[in-house]
Amino acid sequence: MSHIVQIQTEVRDPVAVSSACSRLSLPAPTQRTVRLFNGEVSGLAVELPGWRYPVVCQLASGQLQYDNYEGRWGDQAHLNKFVQIYCVEKAKLEARKAGHCINERTLQDGSILIQVQVNS
């Protein structure tokens with residue numbers, strides 16, 4: 001049986017963050033305090049290409065803190081891709097943890113189809 005799922009992403013898993021960074025050839029994320037334009041924030045910092053400030057994953061809340069000045073200090077597409085790949089990596093980790101098989105396929109529009117075969 002096939003199901004379509006919509007997910008609101010909360011970034012809470014440091015392993016999936018690291019896997020997403022590796023997959024996107026980004027530097028490994030680091031736990032630190034980061035100065036954004038209007039203040040400091042602590043969490044797991046991810047360096048995106050061409051961004052003035054890193055994105056900070058606050059794992060306890062699942063929220064991302066960043067300042068890209070409406071795209072002037074960093075292309076939103078890089079953040080969107082990171083979140084997409086984080087979701088894929090998190091889904092794969094959870095499926096494998098439950099003993100399921102996963103197939104992944106990138107579609108022409110850039111979306112990613114994940115099929116989880118539930119082993120009964």
*Asks:* When you compare the side chain of Leu44 with that of Thr30, does any pair of heavy atoms fall below 4.5 Å?
*Replies:*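 No - every pair of side-chain heavy atoms lies 4.5 Å or more apart.
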
*Asks:* Just how far is it from atom CG of Asp13 to atom NZ of Lys90, taken to the nearest 0.5 Å?
*Replies:*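 Interatomic distance, Asp13 CG to Lys90 NZ, rounded to 0.5 Å: 3.5 Å.
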
*Asks:* Can you tell if the side chain of Leu64 reaches within under 4.5 Å of the side chain of Val56, non-hydrogen atoms only?
*Replies:*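 Sidechains of Val56 and Leu64: no contact.
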
*Asks:* Applying side-chain hydrogen bond (donor to acceptor under 3.5 Å, both in side chains) to Gln84 and Asn80, what does each step give before you reach the verdict?
*Replies:* CA-CA 6 Å; Gln84 177 190 37; Asn80 296 346; over 6 Å; no

*Asks:* Compare every heavy atom of Leu26 with every heavy atom of Pro49, then report the nearest pair and how far apart it is.
*Replies:*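 Taking every non-hydrogen atom into account, CD-CD2, 3.6 Å.
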
*Asks:* Would you mind reporting whether Thr106 and Ser111 have side-chain heavy atoms less than 4.5 Å apart?
*Replies:*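 Side-chain contact under 4.5 Å: no.
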
*Asks:* Does the side chain of Ile112 reach to within under 4.5 Å of the side chain of Arg105, using non-hydrogen atoms?
*Replies:*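 The answer is no; the side chains never approach within 4.5 Å.
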
*Asks:* If hydrophobic clusters are built from ILVMFWY residues whose side chains come within less than 4.5 Å, do Ile102 and Ile85 share one?
*Replies:*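 Same cluster: Ile102 reaches Ile85 through Ile, Leu, Val, Met, Phe, Trp or Tyr contacts under 4.5 Å.
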
*Asks:* Side chains of Asn68 and Leu79: does their closest heavy-atom pair fall under 4.5 Å?
*Replies:*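 No - every pair of side-chain heavy atoms lies 4.5 Å or more apart.
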
*Asks:* Counting distance only, does the side-chain N/O of Ser22 pair as donor-acceptor with the main-chain N or O of Ser18 below 3.5 Å?
*Replies:*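 It does not hold such a pair.
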
*Asks:* Would a 4.5 Å heavy-atom cut-off, applied to side chains only, mark Leu59 and Pro14 as touching?
*Replies:*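 SC-SC contact between Leu59 and Pro14 confirmed.
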
*Asks:* Please state whether the rings of Tyr53 and Trp73 are parallel, tilted or perpendicular, taking 30° and 60° as the class boundaries.
*Replies:*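 Aromatic pair Tyr53/Trp73 classed perpendicular.
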
*Asks:* Between Glu94 and Arg12 (salt bridge meaning N to carboxylate O under 4.0 Å), is one present in this structure?
*Replies:*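 Arg12 and Glu94: not salt-bridged.
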
*Asks:* Would you say Val11 and Cys57 make side-chain contact, with heavy atoms under 4.5 Å?
*Replies:*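 Side-chain contact under 4.5 Å: yes.
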
*Asks:* Just grab all the ring pair (Phe, Tyr, Trp, His ring centres under 6.0 Å) pairs involving residues 74-96, residues at least two apart or on different chains.
*Replies:*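 Pairs touching residues 74-96 that pass the test: none.
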
*Asks:* Under a 4.0 Å threshold between the charged nitrogen and the carboxylate oxygen, would Arg32 count as salt-bridged to Glu47?
*Replies:*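 Yes.
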
*Asks:* Are any non-hydrogen side-chain atoms of Leu36 and Val41 less than 4.5 angstrom apart?
*Replies:*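 Side-chain contact under 4.5 Å: yes.
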
*Asks:* Say you draw a straight line from CD of Gln76 to CG of Leu48; how long is it, rounded to the nearest 0.5 Å?
*Replies:*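 The distance works out to 9.5 Å.
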
*Asks:* Working to the nearest 0.5 Å, report the span between OG of Ser19 and CD of Glu89.
*Replies:*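 Reported value, rounded in 0.5 Å steps: 5.0 Å.
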
*Asks:* Find the distance between CD (Glu10) and CD (Gln63) and round it off to the nearest 0.5 Å.
*Replies:*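 If I round to the nearest 0.5 Å, the distance is 6.5 Å.
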
*Asks:* Who are the side chain to side chain contact (heavy atoms under 4.5 Å, CB included) partners of Gln115, not counting sequence neighbours?
*Replies:*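 Gln115 satisfies side chain to side chain contact (heavy atoms under 4.5 Å, CB included) with Asn103, Leu113 only.
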
*Asks:* Say whether Leu24 and Leu93 are linked into one hydrophobic cluster, either directly or through other cluster members, by side-chain heavy-atom distances under 4.5 angstrom.
*Replies:*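 No.
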
*Asks:* Quick check for you: to the nearest 0.5 Å, what is the distance between Lys92 atom NZ and Glu104 atom CD?
*Replies:*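 If I round to the nearest 0.5 Å, the distance is 4.5 Å.
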
*Asks:* If you apply the rule side-chain contact (heavy atoms from CB on, under 4.5 Å), what do you find for Gln65 with Gln58, and how did you get there?
*Replies:* CA-CA 7 Å; Gln65 298 289 324; Gln58 296 183 309; 3.2 Å; yes

*Asks:* Do Val17 and Trp51 share a hydrophobic cluster (ILVMFWY, side-chain heavy atoms under 4.5 Å, transitive)?
*Replies:*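 Looking at the clustering, Trp51 is in the same group as Val17.
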
